[in-house]
Q: 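First the structure, which I've put down as structure tokens, then a few questions once you've had a look.
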There are 2 protein chains.
Amino acid sequence: MNFLKLSDRDFGETASTDKPKRSSEFSERKLAPADFSGIYSNDLLPASGGEEMTRGFLQELVGILLGFICKSNQRSSKVLDFHHPHQLKEGLEGFSLDLPVQPETLEQLLVDCRDTLKYGVSTGHPRFFNQLSSGLDVIGVAGEWLTSTANTNMFTYEVSPVFLLIEEALLKKMRSIVGWADDEGDGLFCPGGTISNLYSILLARYHFYPEVKTRGMGALPRLAMFTSEHSHYSIKKSAAVLGIGTENVVVVKLQIPYNTKNYYPMCRIFLFSFVFVFCFIFRACSVTWNPHKMMGVPLQCSAILVKKRGLLQECNKLGAQYLFQTDKPYDVSYDTGDKSIQCGRHVDVFKLWLMWKAKGSDGFGSQVNKCLENAEYLYDQLQKRTEFELVFKNKPEHSNVCFWYIPPSLRSLPPGPDRDRRLHQVAPRIKGRMMEKGSVLIGYQPLGTKVNFFRCVFSNPATQQEDIDFLLDEICQLGADL
Amino acid sequence: MNFLKLSDRDFGETASTDKPKRSSEFSERKLAPADFSGIYSNDLLPASGGEEMTRGFLQELVGILLGFICKSNQRSSKVLDFHHPHQLKEGLEGFSLDLPVQPETLEQLLVDCRDTLKYGVSTGHPRFFNQLSSGLDVIGVAGEWLTSTANTNMFTYEVSPVFLLIEEALLKKMRSIVGWADDEGDGLFCPGGTISNLYSILLARYHFYPEVKTRGMGALPRLAMFTSEHSHYSIKKSAAVLGIGTENVVVVKLQIPYNTKNYYPMCRIFLFSFVFVFCFIFRACSVTWNPHKMMGVPLQCSAILVKKRGLLQECNKLGAQYLFQTDKPYDVSYDTGDKSIQCGRHVDVFKLWLMWKAKGSDGFGSQVNKCLENAEYLYDQLQKRTEFELVFKNKPEHSNVCFWYIPPSLRSLPPGPDRDRRLHQVAPRIKGRMMEKGSVLIGYQPLGTKVNFFRCVFSNPATQQEDIDFLLDEICQLGADL
């Protein structure tokens, strides 16, 4: 970074009056950084003459971010450097969460940025198996950096022309993949899959009972919703929010028959990243699609696709005159703000669009297939190793594999309440040790009568078979004395 | 950028087999860029050996972003380069929205990034007056770049330790500014002010009728909401979503008596960036606070503050076992996901925290005062100039100033329906010309019986008095023949 030459400023620690609270990380770098110890945010743009300083500061930050991205991809690095809340709140090594009255220097801010990443979790690490949202797609990150630099709002075409057209192109493509006719339909990108599901139910209610918008639920008969026992809890959450009530969600046994082998690779993604609402996809009125899950798009990126054009607008429109004038000098059907329940809306589409350009549909297909292959590999390993038991005996139909680790002391116990009680404590204890060590991260949960088991979810393109071997070996090592 | 030397690769246009569809912008640069014409996203991390290429690509992108940031701050640059939807969709100068089956090169992606910014709007430009969300805070952008690189989710402490503690610190500080006791209260950052307001009403309903969660609105008496005639339309929107019904929102005349001169500067922000829900702030049960408005934080950044601790959790909790285990090896009260209606939640707190460190509370106060001073300056100019009429005669109580431009042909007309009809068309026509020219951007709207007027909102720290003079001169010039 050429912004300030070393000779331009005094780097002596004693000479600095604004020494950052923590600078040990800087000394680890091969080159000393530019000196931001006497510089404040007021010296940056839009301050007159602030251009050079702005470039220098952001370049320095980007150096930190690139370091983090590269480190996240190194297997030798920790997945996380765990600290309990009270430890971080006590000001670990000078890292302070406090909000000051007076400004701090840019040097202190850079130190804070480093610390924030250091004490966080590398969700892109090849050994991060904790969530379906994992991986760190470089193109996706690039898309987010651009999005936040453009800093605009999806509510009107006049402030978001390109992003609204990108959204239109994406929604059209996604609807065509779902199998809906080209020129029909609608949709929106929403802040997460749960909100997308909430939209689905909101639209269904409005479709059958449009008077609900003005007159409320009091004017309607008692409504019930039918949903699969395997459906996401967001369905019940939506029922609570929308005033339907969780008791009126009727859970039904539903088995969706599918076989991954019968589909063209591209279809696999889309079958599996959907949340089914009310009925099968080809008969659904709306579909929630979360590209921030299997497709590896950075959080947040979720869409609600709607079959019937106009429904979103009718259901949500209130026509606020300060935003949605009808006498604007362009086609105001691109002002999507009144279709949404949010008014202002974050730009979540650009990163997906850029990734689609970068990978092509084929690339997304290969990426998902790799995850499914990893799931099969784990399944095979679990069958071979006596320390583990599968929770579900069938081959994985998706990228989830659920299993118990059986520590030596439990291997000879007969099945029953005593063994279950002890087995229930195994996964949380191993998880605790795992977090302390920081070598790998995986989730656990109970399910109905099944006691705590590990749930491995594959969506991280960085994960290789060696990482799966490592995961199993690590669990054995951490749980050997349990 | 030193990633690839010019001599390393052939830059001849005829030699490249993957020539980007549009490269005119590259030729404008003083230095030729590194050659990404034969490079694909598969060559980046997590690909083995992809580190150097990843650094090179992201550095190249950052060069584009820095160029945009600097250009946004130049008064000589356009605020926007307007094109109608059909023009952009026709593939202007090779810019294509299409989603390919096969991957495109990194060079093409960089061209797409440039084009996306070129055809977008510079919301940080000193002459962007279009929305309350304007300005481009460099520290805020830095915060967003880090946030997207960390790519995690606010639902559990195990994946977001630092960000959840930052959220806690911010909410505590914000509650203390609101005047609520230190150790009480709760809150969440939400995807926008409208969703925060929806939370407010959701919580109020649950507080009075907790059975609504399980039994729905059908088990409740008919509910009505009372709101100011000046309240945001999100109140009605929430009534529609929650099943209360827009007809049951009773609009009441409400005048909030305040005088900006009586408050300490810090208080001004906070008085004015609030949306009042149900009653005055010191008696409110919850407060929506949008730092992405007057405080200039990049979109999205909105918080709901709640007075009663536990209410959010009780109202929204469903206890999904796959996420919110109670036997985790840390204090699970930091797993905030079940307090929210979203499940997964984007990290919106880091940029605000970093900006607070950078400016201090005092810096935020000065920034807002500058905007209020700009509003007074515009008000004074409008009083002096005969081409303009104020919509409201009083001094601005906030950063909004509303006014009509009266073109020469209307100046001698008596007030009445004919003048109103013609005046109503003035602002849209000037706005259209303004967008075509790209020199400045301001919104307009009608209000009740008042015909279309310009509404100038100050929140952009880049705006100076010379920009306000420019705005008025430009309106006069663009409307002289109307």
Side-chain angles (χ1 to χ4, degrees), chain A residues 41 44-46 51 61-62 65 70 73 97 99-104 116 119-120 123 138-139 142 144 148-149 151-152 162 169 173 191-192 194 213-218 222 233 240 243-247 298 300 318 320-322 327 329 342-344 346 356-358 360-361 428 432 445 462, chain B residues 41 44-46 51 61-62 65 70 73 97 99-104 116 119-120 123 138-139 142 144 148-149 151-152 162 169 173 191-192 194 213-218 222 233 240 243-247 298 300 318 320-322 327 329 342-344 346 356-358 360-361 428 432 445 462:
Chain A
S41 63
L44 304 175
L45 288 172
E51 186 173 319
L61 174 80
V62 166
L65 300 181
C70 293
N73 278 278
L97 295 162
L99 299 159
V101 173
Q102 295 296 320
E104 295 187 354
T116 297
Y119 299 126
T123 57
V138 173
I139 303 294
E144 281 291 69
S148 50
T149 308
N151 188 35
T152 194
V162 183
K173 180 79 166 185
T194 294
K213 182 177 176 180
T214 50
R215 297 178 60 202
M217 291 284 286
R222 185 174 165 189
Y233 79 101
I244 294 167
T246 54
E247 278 179 9
Q300 58 192 39
L318 280 176
Q321 287 185 317
Y322 82 103
D327 54 0
Q342 295 115 283
C343 176
H346 189 257
W356 210 310
K357 292 230 164 197
S361 317
Q445 65 167 89
Chain B
S41 63
L44 304 175
L45 287 172
E51 186 172 320
L61 174 80
V62 167
L65 301 182
C70 293
N73 277 278
L97 295 162
L99 299 159
V101 174
Q102 295 297 320
E104 296 187 355
T116 298
Y119 299 126
T123 57
V138 174
I139 303 295
E144 281 290 69
S148 50
T149 308
N151 188 34
T152 194
V162 183
K173 180 78 165 187
T194 294
K213 183 177 176 179
T214 49
R215 298 179 58 203
M217 291 284 286
R222 185 175 165 189
Y233 78 102
I244 294 167
T246 55
E247 277 179 7
Q300 58 192 37
L318 280 176
Q321 286 185 317
Y322 80 103
D327 54 0
Q342 296 115 282
C343 177
H346 189 257
W356 210 310
K357 292 230 165 196
S361 316
Q445 65 167 90

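Each chain gets a letter, A, B and so on, in the order the sequences are listed, and its residues count up from 1. What you are looking at is a predicted structure, and each value in this text was computed from that prediction instead of being measured.
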Q: With a 4.5 angstrom heavy-atom cut-off, could you sort out which part of A:R222 is near chain B: side chain, backbone, both or neither?
A: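 Neither the backbone nor the side chain of A:R222 comes within 4.5 Å of chain B.
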Q: At a heavy-atom distance under 4.5 Å, which candidate from B:L97, B:V138, B:L99, B:L65 has the highest pair count against chain A?
A: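 The residue among B:L97, B:V138, B:L99, B:L65 with the greatest pair count is B:L99.
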Q: Would you mind telling me which of A:L44, A:L45, A:I139 has the largest number of heavy-atom pairs within less than 4.5 Å of chain B?
A: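 If we count pairs closer than 4.5 Å to chain B, A:L45 comes out on top.
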Q: Heavy-atom pairs under 4.5 Å with chain B - which of A:C70, A:A240, A:G218, A:A462 has more of them than the others?
A: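 Max contact count across the listed options: A:C70.
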Q: Using the side-chain hydrogen bond (donor to acceptor under 3.5 Å, both in side chains) criterion, which residues pair with A:T149? Sequence neighbours excluded.
A: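 A:T149: side-chain hydrogen bond (donor to acceptor under 3.5 Å, both in side chains) contacts with B:W145.
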Q: What part of A:D327 is in contact with chain B, defined as an atom under 4.5 angstrom from a non-hydrogen atom: side chain, backbone, both or neither?
A: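 Interface part for A:D327: both.
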Q: Please report the closest heavy-atom contact between A:Q321 and B:Q445, naming both atoms and the distance.
A: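 Minimum heavy-atom separation between A:Q321 and B:Q445: O-CB, 3.5 Å.
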Q: For the residue pair A:M217 and B:M217, what are the closest heavy atoms and their distance?
A: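 That closest heavy-atom pairing would be CB-CB, 3.6 Å.
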Q: Shorter than 4.5 Å, heavy atoms on both sides: which option in A:A169, A:P329, A:P100, A:S148 has the most such pairs with chain B?
A: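 Ranked by contacts with chain B, first place is A:P100.
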Q: Going by the rule side chain to side chain contact (heavy atoms under 4.5 Å, CB included), which residues pair with B:T194 if we only count those two or more places apart in sequence or in a different chain?
A: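 Here the qualifying residues are A:C343, B:H232, B:S234.
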Q: Please determine, among A:T152, A:L61, A:V162, the option with the most heavy-atom pairs under 4.5 Å with chain B.
A: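 Greatest number of close heavy-atom pairs with chain B: A:V162.
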Q: How are the rings of B:H346 and A:H346 set relative to one another: parallel (under 30°), tilted (30 to 60°) or perpendicular (over 60°)?
A: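 Rings of B:H346 and A:H346: tilted, 30 to 60°.
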Q: Tell me which of these, B:N73, B:T123, B:T246, B:T214, has more heavy-atom pairs under 4.5 Å with chain A than the rest.
A: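 That would be B:T214.
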Q: Roughly how far apart are B:K357 NZ and A:E104 CD, rounded to 0.5 Å?
A: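 So the NZ of B:K357 and the CD of A:E104 are separated by 4.5 Å.
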Q: Output the option from A:G344, A:G192, A:A358, A:P191 having the highest count of non-hydrogen pairs under 4.5 Å with chain B.
A: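 Winner by heavy-atom pair count: A:A358.
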Q: Counting only heavy atoms closer than 4.5 Å, note whether A:V62 contacts chain B via side chain, backbone, both or neither.
A: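 Only the side chain of A:V62 comes within 4.5 Å of chain B.
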